[in-house]
Number of protein chains: 2
Amino acid sequence: MRPHELPEIRHLPLFRDMLQANFEALMQGAYAQAFPAALELIREGDPADFLHVVISGTVELYARWGGRECTMAVIRPLGTFILAACIKDAPYLMSARTLERARIVLIPTSDLRAIFRRDPEFAVSVIQELAGCYRAVVRHAKGLKLRTSRERIASWLAHRSALCGNVASFVLPVEKRLLASYLGMTPENLSRALKSLEADGVTMDGMRITITDRARLHALAKPDRLIDGPDPAGASSGSHPPSVGNEG
Amino acid sequence: MRPHELPEIRHLPLFRDMLQANFEALMQGAYAQAFPAALELIREGDPADFLHVVISGTVELYARWGGRECTMAVIRPLGTFILAACIKDAPYLMSARTLERARIVLIPTSDLRAIFRRDPEFAVSVIQELAGCYRAVVRHAKGLKLRTSRERIASWLAHRSALCGNVASFVLPVEKRLLASYLGMTPENLSRALKSLEADGVTMDGMRITITDRARLHALAKPDRLIDGPDPAGASSGSHPPSVGNEG
DNA sequence: CGAACCCTTGACAGAAATCAACTAAGGTGG
DNA sequence: CCACCTTAGTTGATTTCTGTCAAGGGTTCG
């Protein structure tokens with residue numbers, strides 16, 4: 001592991017409150033590794049061996065069933081994923097693959113489970129992290145069940161704009177096909193719906209989105225902090241805001 | 001609180017491993033209360049004041065947005081709900097109402113947070129519970145995104161049959177309108193889809209479902225433990241299996 | 001007995017997936 | 001440096017699915 005990486009990990013909400021000795025013990029068995037783009041890191045159904053921490057690059061969490069596939073979340077530095085499977089010592093529910101070249105730290109689950117049993121501060125951090133992840137997925141499920149496709153897109157755009165500081169224009173942080181999958185629709189549907197949103201105060205030029213009429217967009221999106229998440233600062237866990245949703 | 005209730009709560013996975021003194025302290029501030037049917041216990045957006053434990057009766061967790069409403073889970077005895085909101089000291093993401101007369105124990109969140117900080121065993125139990133809840137919602141979201149309505153119904157029926165010991169015939173544990181909402185569709189859609197499942201090995205008579213051709217049903221449902229959950233025994237938290245899904 | 005309410009069914013409209021074709025951009029290899 | 005290939009994105013035509021509106025049957029409960 002590189003010298004600058006350890007302090008970075010140490011500052012993550014998940015690890016910042018634990019005893020130094022325990023942190024060192026945890027990192028003893030951990031190792032960093034670089035992966036090329038589009039590599040499958042985790043296959044759903046496999047036993048959970050390592051907690052993953054993304055140091056650089058981007059990782060997609062996705063799920064498969066009966067030949068279909070959908071994006072569940074995108075993890076950016078510095079974020080962790082598949083904590084819950086590690087804790088339950090249960091098979092992964094989601095697969096993971098790199099979207100671009102990525103550097104990832106792998107922490108053995110056995111060490112993890114041993115250490116949160118003897119470090120109460122770390123246990124509390126794990127609780128906070130899990131509670132945050134849980135609430136993130138509940139919000140995602142609410143969006144899927146309560147909103148139509150167009151409404152999900154509109155909400156996502158409005159929320160993204162808010163995350164960027166209420167800017168009127170921003171660039172999509174992920175491919176449209178991935179965004180479509182995350183939002184629970186086909187790429188064709190996203191493409192058409194985005195165009196149709198011109199009538200609701202949004203224009204698009206390639207990957208650049210411009211909100212031309214915030215009031216009109218909000219009338220459709222009806223932003224709701226109980227679905228879209230807390231507004232600017234309160235990005236639950238990481239120091240960097242997740243790009244499409246962190247549910248790992 | 002009634003004399004028999006305390007030991008029942010004590011035996012819940014969430015409370016069974018903590019120190020007796022801490023359990024008593026937790027129960028000191030708790031109180032049980034009976035509620036009539038169809039009463040709103042919790043309104044989403046409100047601050048989380050109490051962890052709820054269902055002693056008897058049934059509770060529905062649901063969500064609202066823009067005039068629409070959907071069922072997120074049904075909690076039966078002895079189950080807990082809204083643990084995550086309590087822990088994060090954040091507003092509830094879901095509302096809750098009784099489906100029938102229910103008796104519920106309310107545990108102040110402040111006590112809860114204070115005690116898992118000083119009782120490592122309790123902290124571990126909270127971690128296990130949260131991880132289980134998280135995985136339950138992830139599975140629910142996967143079902144919504146990867147399966148069509150008919151497939152969700154078929155899977156739910158197949159899984160329910162498995163929970164009952166692979167019986168060929170069983171009675172729906174909830175109203176069809178509620179099941180429809182839980183599965184992310186309208187009652188009309190469920191009604192029609194159920195009828196159409198006759199071609200796939202399922203017949204229906206009122207609330208009674210009969211699987212006439214398991215192989216055919218499974219061909220459509222493609223049961224998957226990474227979506228439908230572990231088969232018989234491993235019902236995550238409670239001693240009683242949840243009736244439509246426990247994500248509280 | 002009446003009033004809700006749940007469930008079902010029909011007719012219809014709207015939304016979304018699918019299939020197919022085409023464009024444009026990026027990367028590779030000659 | 002250019003030709004080629006791959007892939008993301010778009011668009012159109014079509015089908016399938018799903019929600020909506022409306023009406024009627026059956027049940028429960030007051």
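Order of the sequence lines fixes the chain letters, A, B, ..., with proteins taken first and strands second; residue numbering starts at 1 for each chain. Note that the structure is predicted; figures quoted are calculated from it, not measured.
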So if I take the C1' atoms of five pairs at each end of the helix from dC1(C)-dG30(D) to dG30(C)-dC1(D) and get each local axis, what angle do the two axes make, rounded to 10 degrees?
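It works out to 40° between the end axes.
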Decide yes or no for R225(A) and P230(A): does some side-chain heavy atom of the first lie under 4.5 Å from some side-chain heavy atom of the second?
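The answer is no; the side chains never approach within 4.5 Å.
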A side-chain contact here means heavy atoms from C-beta on lying under 4.5 Å apart; do R64(A) and R43(A) qualify?
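The answer is yes; the side chains approach within 4.5 Å.
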Using a cut-off of under 3.5 Å, enumerate the N/O to N/O pairs linking the protein to nucleotides 21-26 of chain D.
unit_1	atom_1	unit_2	atom_2	d
dC21(D)	N4	E188(B)	OE2	3.3

To the nearest Å, how far apart are [X] [atom1] and [N] [atom2]?
X	N	atom1	atom2	answer
E100(B)	dC29(D)	CD	P	12 Å
I153(A)	dA16(C)	CD1	P	8 Å
E151(B)	dT16(D)	CD	P	16 Å
E175(A)	dT10(D)	CD	P	12 Å
R147(B)	dT16(D)	CZ	C1'	20 Å
L183(B)	dG19(D)	CG	C1'	16 Å
L197(A)	dA15(C)	CG	P	12 Å
R68(B)	dA15(C)	CZ	P	11 Å

Just by distance, do the side chain of [X] and the backbone of [Y] share a donor-acceptor pair under 3.5 Å?
X	Y	answer
R68(B)	L146(A)	yes
R216(B)	G201(B)	no
S196(A)	A193(A)	yes
K142(B)	L93(A)	yes

Closest approach to the side chain of T148(B), judged atom by atom: which nucleotide of dA16(C), dG9(D), dT18(D) is it?
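It is dT18(D).
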Taking salt bridge (charged side-chain N to carboxylate O under 4.0 Å, His left out) as the criterion, tell me which of E60(B), E44(B), E40(B) meets it with R97(B).
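Going through E60(B), E44(B), E40(B) one by one, the salt bridge (charged side-chain N to carboxylate O under 4.0 Å, His left out) with R97(B) is satisfied by E60(B) alone.
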Measuring to OP1 and OP2 of [N], would you say a side-chain N or O of [X] lies under 4.0 angstrom away?
X	N	value
T186(B)	dG19(D)	yes
S149(B)	dT18(D)	yes
K195(B)	dT9(C)	yes

What's the separation between atom OG1 in T80(A) and atom CG in L51(A), rounded to the nearest 0.5 Å?
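Output value for this atom pair is 5.5 Å.
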Under the criterion side chain to side chain donor-acceptor pair (under 3.5 Å), which of T212(B), T210(B), D205(B), T203(B) is the partner of S169(B)?
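It is T210(B); the other options fail the test.
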